[in-house]
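Only heavy atoms go into these numbers, but all of them, side chains included; no hydrogens, no water, no symmetry mates. This structure is a prediction, so every number in the text was calculated from the model and none was measured. Both counts, for ligands and for their atoms, begin at 1 and track the order of listing.
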Amino acid sequence: MRLVLLGAPGSGKGTQAARLKDHLQVPHISTGDLLRAEVAAGSKLGLEAKEVMARGELVSDAILLGMLEDRFSRPDTAGGFILDGYPRNLAQADALDALLNRIGQPMDFAVQLEVATELLVERIAGRAQAEGRADDNPESVRKRLHVYETSTAPVIEFYRQHGQLTVVDGVGTMDEVFTRIVEAIEPVREVG
Ligand code: ADP
């Protein structure tokens, strides 16, 4: 099963992806995590990405695509994957579509986690206190929500037009949301 999770910052993509990974037995590919690992390692790419991420802006499409091509070339993705944090704009959606078609692994499903903006702000504020992520400061959060609304929301339309979109209510306990996602993708698993 090849799945992409869509949703605003704070919508719970990371949390649900981690659980889906166990359920579906496929790797969880988070572009945010991949980038944070580069930053932590102090690589050239990490140094380039660090400031951009802290500001809440998007790292360049070229860097992201290179990182993903690299990740998809690893054998553990042969049986599927859960993608989280990508695509974040239409150019990335097109590039991903082309990449997956080229390797003969087209996307099965895009799941959008829907959460109201007020609640997103509240959740990120809570996470900022708990985890102290460099980009969870109010300025960056505002920027990320803005980037989501302007650049990432059109990606939802992209998957809708491709007939791959399912919208899941992201408000509720982690278990409730997880159950909703599993129910939404289960019919596809049987076919696939
Ligand atoms: P969140 O969804 O909470 O904003 P992520 O961990 O997915 O957090 O991403 C953190 C940051 O990493 C983003 O704000 C951005 O700077 C960078 N990033 C992650 N994925 C992408 C992407 N697909 N394209 C560009 N930048 C990205």
task = Let me know which of Leu165, Asp97, Val111, Thr166 forms a side-chain contact (heavy atoms from CB on, under 4.5 Å) with Tyr159.
result = Leu165

request  = Tell me the residues surrounding ligand 1, counting only those with a heavy atom closer than 4.0 angstrom, sorted by chain and number.
outcome  = Pro9, Lys13, Thr31, Gly32, Leu35, Arg36, Met53, Glu57, Leu58, Val59, Leu64, Gly85, Tyr86, Arg88, Gln92, Arg127, Arg133, Asp135, Arg144

request  = Tell me, please, which residues at least two apart from Glu38 pass side-chain hydrogen bond (donor to acceptor under 3.5 Å, both in side chains).
outcome  = Ser43

request  = Any chance you could lay out the side-chain contact (heavy atoms from CB on, under 4.5 Å) test for Leu64 and Thr31, step after step, and finish with the verdict?
outcome  = CA-CA 8 Å; Leu64 265 291; Thr31 50; 3.7 Å; yes

inquiry  = Are Asp169 and Glu114 packed together at the side-chain level, in the sense that at least one heavy-atom pair is separated by less than 4.5 angstrom?
reply    = no

key: Over 12 foreign heavy atoms within 6.0 Å of CD, Glu157   = yes

inquiry  = Under 4.0 Å between a side-chain nitrogen and a carboxylate oxygen: does that hold for Glu57 and Arg55?
reply    = yes

